[in-house]
S.K.: 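Shown below is the structure under consideration.
Residue numbers start from 1 in every chain, and the chains themselves are labelled A, B, ... in the order their sequence lines are given, proteins ahead of strands.
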2 protein chains.
Amino acid sequence: MKKHDHTALLSRVREDLPTDDRLCDLADLFRLFGDTTRMRILYALSEAELCVCAISELLGMTQSAISHQLKVLKDGDLVACRREGKTVYYFLADDHVRRIIDQGYEHLTEEKEL
Amino acid sequence: MKKHDHTALLSRVREDLPTDDRLCDLADLFRLFGDTTRMRILYALSEAELCVCAISELLGMTQSAISHQLKVLKDGDLVACRREGKTVYYFLADDHVRRIIDQGYEHLTEEKEL
DNA sequence: CATTCAAATGAACACCTGTTCATATGAAAG
DNA sequence: CTTTCATATGAACAGGTGTTCATTTGAATG
């Protein structure tokens with residue numbers, strides 16, 4: 001009398017699965033969007049390119065906190081920056097960022113309609 | 001001599017920003033995707049509906065760990081389940097989940113091409 | 001109703017993450 | 001070269017998160 005057997009099903013599922021490395025990268029990517037501060041920064045940058053102190057003013061948070069998060073976002077290639085004198089302007093790295101956020105936003109709004 | 005002034009820009013940006021509640025919900029949503037175990041579960045479920053023990057076998061993790069994560073995913077309305085005797089089968093709650101993951105996946109693959 | 005198997009739950013613990021505070025870098029201006 | 005302003009960075013700390021272990025629930029079966 002054996003336990004519940006899934007070997008057949010599981011080997012089929014396993015085939016179509018991306019590698020663990022890939023899935024880990026994917027989770028890492030989404031984790032970047034999974035913090036309120038970072039989400040607010042990303043949304044702000046989707047409206048306009050902004051310098052660090054403007055963002056910290058906008059969000060009512062310390063310059064240090066913003067700077068740390070911008071580093072995280074930059075390391076994850078979600079934002080990029082350019083320097084102009086003492087000021088550093090940040091902006092979204094590409095349209096994917098916007099699209100990912102939009103997809104999430106849609107999910108939320110449609111969820112509410114139910 | 002005043003500091004850098006952004007009031008005009010900031011009030012414009014502020015107008016187009018969703019409420020903080022909304023942005024927090026959005027971050028909460030993405031946070032669900034931001035863990036390797038949950039991502040592996042979601043991807044597996046995008047291939048087939050699976051019971052808890054099948055998932056734990058597939059991922060090589062304890063039933064308890066999987067069960068805890070499934071609860072998180074269910075509370076976040078990313079997955080749903082149906083019971084059949086002693087067995088509980090989990091599946092993706094809707095197509096949005098797949099689309100969000102796909103969007104992220106695309107981002108990763110296109111990033112590599114550069 | 002006792003047993004068995006699948007799943008869920010709670011407490012505990014180690015690890016990770018985000019913020020703060022203090023300080024450093026780096027560019028422009030005096 | 002010193003000062004000033006914008007930004008970056010490092011250490012430290014608090015709170016959150018994921019896993020494990022032990023236990024419980026709940027359905028089917030003898």
S.K.: Please compare B:Tyr90 and A:Ser64 by the position of their nearest nucleotide in DNA chain C and report the one closer to 5'.
M.R.: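 With B:Tyr90 and A:Ser64 compared, the 5'-side residue is B:Tyr90.
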S.K.: Between atom CZ in B:Arg83 and atom C1' in D:dA27, what is the gap in whole Å?
M.R.: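 It is 6 Å, rounded to the nearest whole Å.
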S.K.: For the pair made of CG in A:Leu32 and C1' in C:dT17, what is the distance, rounded to whole Å?
M.R.: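 About 12 Å, once rounded to whole Å.
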S.K.: Select base, sugar-phosphate, or nothing to describe what A:Thr62 touches, counting heavy atoms under 4.0 Å on all strands.
M.R.: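 Here A:Thr62 touches the backbone only, sparing every base.
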S.K.: Could you tell me the separation between the CD1 atom of B:Ile66 and the C1' atom of D:dG18, rounded to a whole number of Å?
M.R.: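 After rounding, the reported distance stands at 11 Å.
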S.K.: What's the CZ-P distance between B:Arg38 and D:dG18, to the nearest Å?
M.R.: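 Between P of D:dG18 and CZ of B:Arg38: 4 Å.
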S.K.: Just the rounded figure in Å: distance from P of D:dT23 to NE2 of B:His68.
M.R.: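 Result: 15 Å.
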S.K.: Membership question, hydrophobic clusters at under 4.5 Å side-chain separation (ILVMFWY): are A:Tyr89 and A:Leu73 in the same one?
M.R.: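 No, separate clusters.
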S.K.: Measure the distance from OH on A:Tyr89 to P on D:dT7 and round it to the nearest whole Å.
M.R.: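 From A:Tyr89 OH to D:dT7 P: 8 Å.
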S.K.: When you measure from the side chain of A:Val88, which nucleotide among D:dA8, D:dG18, C:dT9 comes out closest?
M.R.: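 Nearest to the side-chain atoms of A:Val88, counting from C-beta on, is D:dA8.
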S.K.: Over how many whole Å does the gap from B:Arg31 atom CZ to D:dG15 atom C1' extend?
M.R.: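 Distance check: B:Arg31 CZ to D:dG15 C1' gives 12 Å.
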S.K.: With respect to the side chain of B:Val52, which nucleotide from C:dA28, C:dA7, C:dT4 is positioned closest?
M.R.: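 Out of C:dA28, C:dA7, C:dT4, the nucleotide with an atom closest to B:Val52's side chain is C:dA7.
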S.K.: Would you give the length of the straight line joining atom CG of A:Asp20 to atom CG of A:Asp25, rounded to the nearest 0.5 angstrom?
M.R.: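 A:Asp20 CG to A:Asp25 CG: 11.0 Å, rounded to 0.5 Å.
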S.K.: Starting at atom NZ of B:Lys86, determine the distance to atom C1' of D:dT24, rounded to an integer number of angstrom.
M.R.: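 Going from B:Lys86 (NZ) to D:dT24 (C1'), I get 16 Å.
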S.K.: Would you call B:Asp102 and B:Arg99 a salt bridge, taking side-chain N to carboxylate O under 4.0 Å as the test?
M.R.: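 So B:Asp102 does not pair with B:Arg99 through a salt bridge.
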S.K.: Could you tell me if A:Asp21 and A:Thr19 have a donor-acceptor pair between their side chains, going purely by distance under 3.5 Å?
M.R.: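 There is no such pair (donor and acceptor under 3.5 Å, judged by atom type) between the side chains of A:Thr19 and A:Asp21.
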S.K.: Counting heavy atoms from C-beta on, name the nucleotide in C:dA8, C:dG18, D:dT20 closest to the side chain of B:Ala65.
M.R.: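 Selected nucleotide (nearest to the side chain): D:dT20.
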S.K.: With respect to the phosphate group of C:dT20, does any side-chain polar atom (N or O) of A:Gln63 fall under 4.0 Å of OP1 or OP2?
M.R.: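 No, no such contact exists.
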S.K.: What nucleotide, of D:dT20, D:dA8, D:dT9, holds the atom closest to the side chain of A:Lys71?
M.R.: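 Among the listed nucleotides, the one closest to the side chain of A:Lys71 is D:dT9.
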S.K.: Would A:Lys71 and A:Asp75 pass as an ion pair if we require N to O under 4.0 Å?
M.R.: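 Counted as a salt bridge, because a side-chain N and a carboxylate O are separated by less than 4.0 Å.
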